[in-house]
Amino acid sequence: MDVRNCKSCGRIFNYLSGAPLCPGCLKILEDKFDKVKEFVYKNPNVGISEVAEAGEVSVSQINQWIRDERLSFSENSDIGIDCESCGTTIRTGRFCKSCKNGLTRDLQSAYPTRPAANTYQTTDEKSKMRFLDK
Ligand SMILES: [Zn+2]
Ligand SMILES: [Zn+2]
């Protein structure tokens with residue numbers, strides 16, 4: 001059994017997974033998340049600190065929710081977090097679009113590309129002509 005102290009209220013509880021919070025504080029945090037989500041939905045252009053203030057949570061908690069893709073902001077919003085790969089401002093998740101595409105491309109280039117089928121034929125034609133020239 002993994003017994004821990006709740007990070008928020010200090011109470012001892014049986015830790016399962018996720019945030020190190022007791023069930024009571026976890027419930028409060030989920031309620032705050034709903035509040036934050038609604039606030040962001042109604043005020044898409046506010047700053048991240050305002051969102052944190054409105055939801056009575058820390059800015060790092062907001063960032064965590066964004067990384068988890070639970071919270072996202074509109075494309076024209078000023079709010080953003082850094083892409084973990086190139087540092088570009090993104091609205092949700094961990095990587096920007098181009099880094100995500102780059103990751104997929106790297107996987108694809110792992111397979112060797114086969115040479116074009118007519119390569120051999122062309123060299124064959126050339127050597128034949130060279131033979132005739134002689
Ligand atoms: Zn607690
Ligand atoms: Zn990036």
Side-chain angles (χ1 to χ4, degrees):
M1 207 188 285
D2 192 359
V3 179
R4 293 195 190 185
N5 283 91
C6 171
K7 223 178 137 189
S8 179
C9 69
R11 229 167 56 189
I12 291 167
F13 71 105
N14 293 329
Y15 178 76
L16 296 171
S17 65
L21 296 171
C22 72
C25 290
L26 211 57
K27 172 83 178 64
I28 293 168
L29 191 65
E30 285 305 303
D31 287 347
K32 283 179 178 175
F33 174 73
D34 287 342
K35 219 198 253 180
V36 164
K37 207 175 164 187
E38 203 188 319
F39 182 78
V40 170
Y41 181 74
K42 285 179 182 163
N43 311 276
N45 295 311
V46 291
I48 201 160
S49 52
E50 283 175 72
V51 176
E53 212 171 289
E56 291 168 31
V57 293
S58 64
V59 170
S60 61
Q61 181 60 66
I62 302 284
N63 280 320
Q64 185 59 51
W65 283 330
I66 300 172
R67 291 267 186 235
D68 290 345
E69 297 192 25
R70 294 187 68 187
L71 208 59
S72 63
F73 298 94
S74 60
E75 283 295 322
N76 50 13
S77 157
D78 288 336
I79 302 175
I81 52 170
D82 295 341
C83 165
E84 285 186 13
S85 177
C86 71
T88 299
T89 304
I90 51 172
R91 308 289 171 229
T92 191
R94 296 175 59 200
F95 299 106
C96 69
K97 262 189 198 140
S98 62
C99 284
K100 262 187 192 167
N101 288 340
L103 290 172
T104 334
R105 215 178 303 131
D106 281 350
L107 285 175
Q108 279 168 348
S109 64
Y111 297 101
T113 44
R114 284 169 59 183
N118 61 359
T119 314
Y120 300 107
Q121 218 179 336
T122 321
T123 36
D124 205 40
E125 288 289 321
K126 269 181 196 160
S127 56
K128 242 189 242 170
M129 290 209 327
R130 219 175 288 140
F131 180 73
L132 288 170
D133 282 343
K134 271 178 188 172

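Numbering of ligands and ligand atoms starts at 1, following listing order. Positions are given from 1 along the sequence. Excluded from the calculations below are hydrogen atoms, water molecules and symmetry mates; all remaining heavy atoms, backbone and side chain alike, are included.
Seen from the Zn ion (ligand 2), atom SG on Cys96 and atom SG on Cys83 lie at an angle near 120° (rounded to 10 degrees). With the Zn ion (ligand 2) as the vertex, SG of Cys99 and SG of Cys86 span 110° to the nearest 10°. With the Zn ion (ligand 1) as the vertex, SG (Cys6) and SG (Cys25) define an angle of 110°, rounded to 10°.
Looking at heavy atoms from C-beta onward, Asp34 lies out of side-chain contact with Glu30 at the 4.5 angstrom threshold.
Ion pairing between a basic and an acidic side chain is recognised when a charged N comes within 4.0 Å of a carboxylate O; Asp31 and Lys35 show no such pairing.
Counting heavy-atom neighbours within 6.0 Å of Glu38 CD, excluding the residue itself, gives a total of 12 or less. Within 6.0 Å of the NZ atom in Lys37, the count of heavy atoms belonging to other residues, nucleotides or ligands does not exceed 12.
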